[in-house]
Chemist: 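Take this structure first; my questions come after.
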Amino acid sequence: MKRILSVILVASLVFTYSGGAQAASHNTKLLSEQSEELNHFFSETKDIFGEDGEVIGEEVINVFRKVEVDENDTKKVTITKQVEEKYIDDRDSIKSEKTFELEITSDGKYFINGEKLSEKFLQSPIYEESNNENKSSKKLKAEYDGQSGGIYNICSYDEINKRYYKLVATPDADDYLERGKGKRLTKYSYNDENVSDFKRYCDKVEDARGDLREAQAELAVVIGVALVTWEMILPLIAEGAAGAVLAYKIYDSSTSGREDLETAYNILKNDITPY
């Protein structure tokens, strides 16, 4: 799913996340309805951590929103997300930008990036827990207490012995980052410099799932329901209702997590030599 959700929330909120090793803490600042920067949705920063858990920089995120209504009363919401990774050392910063569009027609049809959303998708719950909790091949490591991370059976790494890793990734996952899709790839690798990149993206996938779960739980409280579906949150986004930022974060965590999973899989498939 490459889809986008978003709207202005009239409030100031601060969120603190705890996820994997890549982005374990960040702050979110929202602009009020009276702000002169009407197109600015929200900003946040995340710490970037190194392999040993030290802070090596920060990720600065700015999200912008634009709403248009055409002659057919179709509402079009365009969201642009700008990201800049700034590092403490002398390396250059890394900038990226993504833009997505949500359209809602007057007769209740939903489109994201031009793709019509099915009734099945709209009515599906945001979060479906899998059996991937607290499972890891680290049990195989015997007496060696090495590094482990990621999500079991989706994207994970386990250091069985010093610099000797078991690496696992699937080419895709469901929208909730709970179940892998496609043929799972497993490699054992020793002293391969590309493992650090694979670990970093696995950590980002784990972080994304943690953020998605937290936003879903927060949103359920805001709208007063136990089970949140896409059909519930899209109108919130379109109308600028309370919880819009949380709704956006659910979408963004899902799509970003799947993109990072694809990157991790390609690193494992193409760049890491089996041992």
Side-chain angles (χ1 to χ4, degrees), residues 17-26 46-59 85-92 94 129-174 176-214 253-254 256-275:
Y17 291 77
S18 57
Q22 178 66 16
S25 66
H26 55 276
K46 301 180 181 181
D47 289 332
I48 301 175
F49 297 97
E51 287 194 61
D52 297 323
E54 76 282 11
V55 176
I56 61 173
E58 68 175 7
E59 186 178 62
E85 297 180 10
K86 300 179 179 180
Y87 294 91
I88 295 174
D89 58 22
D90 294 332
R91 80 182 81 176
D92 294 335
I94 301 174
E129 186 171 350
S130 70
N131 295 320
N132 287 337
E133 303 300 326
N134 300 321
K135 292 184 178 181
S136 173
S137 57
K138 62 185 178 183
K139 295 179 180 178
L140 303 176
K141 294 187 294 185
E143 297 179 357
Y144 186 74
D145 185 20
Q147 297 181 354
S148 297
I151 303 173
Y152 176 76
N153 272 347
I154 294 180
C155 185
S156 64
Y157 57 90
D158 291 288
E159 193 176 18
I160 299 172
N161 212 322
K162 187 173 183 180
R163 298 186 65 80
Y164 178 54
Y165 285 89
K166 178 183 179 182
L167 311 171
V168 178
T170 56
D172 196 5
D174 61 11
Y176 326 107
L177 303 174
E178 296 291 339
R179 297 175 178 86
K181 290 183 178 181
K183 187 176 181 180
R184 186 168 61 247
L185 176 63
T186 301
K187 284 185 180 181
Y188 291 85
S189 178
Y190 177 70
N191 205 30
D192 192 316
E193 61 182 12
N194 293 313
V195 168
S196 61
D197 288 336
F198 177 82
K199 290 162 56 180
R200 181 164 64 92
Y201 280 99
C202 275
D203 287 338
K204 293 179 72 171
V205 174
E206 183 182 12
D207 288 341
R209 186 175 74 169
D211 288 353
L212 189 156
R213 289 180 173 183
E214 184 170 342
S253 296
S254 174
S256 297
R258 290 178 65 187
E259 289 167 358
D260 290 331
L261 172 59
E262 181 181 7
T263 300
Y265 178 84
N266 287 331
I267 291 172
L268 182 59
K269 180 181 179 181
N270 302 319
D271 301 333
I272 294 178
T273 303
Y275 179 76

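Index from 1, following the sequence. Small disclaimer: the values here were computed from a predicted structure and weren't measured.
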Chemist: Return the set of residues passing salt bridge (charged side-chain N to carboxylate O under 4.0 Å, His left out) with Asp260 (not counting sequence neighbours), or none when no residue passes.
Modeler: Lys204
Chemist: Donor-acceptor check, side chain of Asp172 to backbone of Lys181, threshold 3.5 angstrom: yes or no?
Modeler: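 Side chain of Asp172 to backbone of Lys181: no pair is present.
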Chemist: Any donor and acceptor pair, going by atom type alone, linking the side chain of Lys187 with main-chain N or O of Ile272 inside 3.5 Å?
Modeler: yes
Chemist: Measure up the Tyr164 and Tyr275 rings against each other and bin them: parallel (under 30°), tilted (30 to 60°), perpendicular (over 60°).
Modeler: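 Taking Tyr275 first and then Tyr164, their aromatic rings stand perpendicular (interplane angle over 60°).
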Chemist: Using modelled atom types and a 3.5 Å cut-off, is there a donor and acceptor pairing between side-chain atoms of Asp158 and backbone atoms of Ile160?
Modeler: no
Chemist: Is there a side-chain contact between Val195 and Tyr157, using heavy atoms and a 4.5 Å cut-off?
Modeler: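 Of all side-chain heavy-atom pairs linking Tyr157 with Val195, none is under 4.5 Å.
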Chemist: Restricting to side-chain contact (heavy atoms from CB on, under 4.5 Å), what partner residues turn up for Asp89, sequence neighbours left out?
Modeler: Tyr87, Arg91
Chemist: How long is the straight-line distance from CD of Glu59 back to CD1 of Ile94, given to the nearest 0.5 Å?
Modeler: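 Ile94 atom CD1 to Glu59 atom CD measures 10.0 Å (nearest 0.5 Å).
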Chemist: Quick check against the 3.5 Å criterion: does Ser256 have a side-chain atom that pairs as donor or acceptor with the backbone of Ser253?
Modeler: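 Side chain of Ser256 to backbone of Ser253: no pair is present.
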Chemist: Is there a side-chain contact between Lys46 and Glu58 in this structure, where contact means two heavy atoms from C-beta onward sitting under 4.5 Å apart?
Modeler: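 When only atoms from C-beta onward are counted, Glu58 and Lys46 do not touch, as no gap falls below 4.5 Å.
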Chemist: Any side-chain heavy atom of Asp203 sitting closer than 4.5 Å to one from Glu206?
Modeler: yes
Chemist: Does the side chain of Phe49 reach to within under 4.5 Å of the side chain of Glu54, using non-hydrogen atoms?
Modeler: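 No - every pair of side-chain heavy atoms lies 4.5 Å or more apart.
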Chemist: Are the side chains of Ser189 and Phe198 in touch, meaning some heavy atoms are under 4.5 Å apart?
Modeler: no
Chemist: Is any side-chain heavy atom of Leu261 closer than 4.5 Å to a side-chain heavy atom of Ile154?
Modeler: yes
Chemist: If you measure from CG on Leu268 to CZ on Arg184, what distance do you get to the nearest 0.5 Å?
Modeler: 12.0 Å
Chemist: What distance separates Ile267 CD1 from Asp197 CG, expressed to the nearest 0.5 Å?
Modeler: 5.0 Å
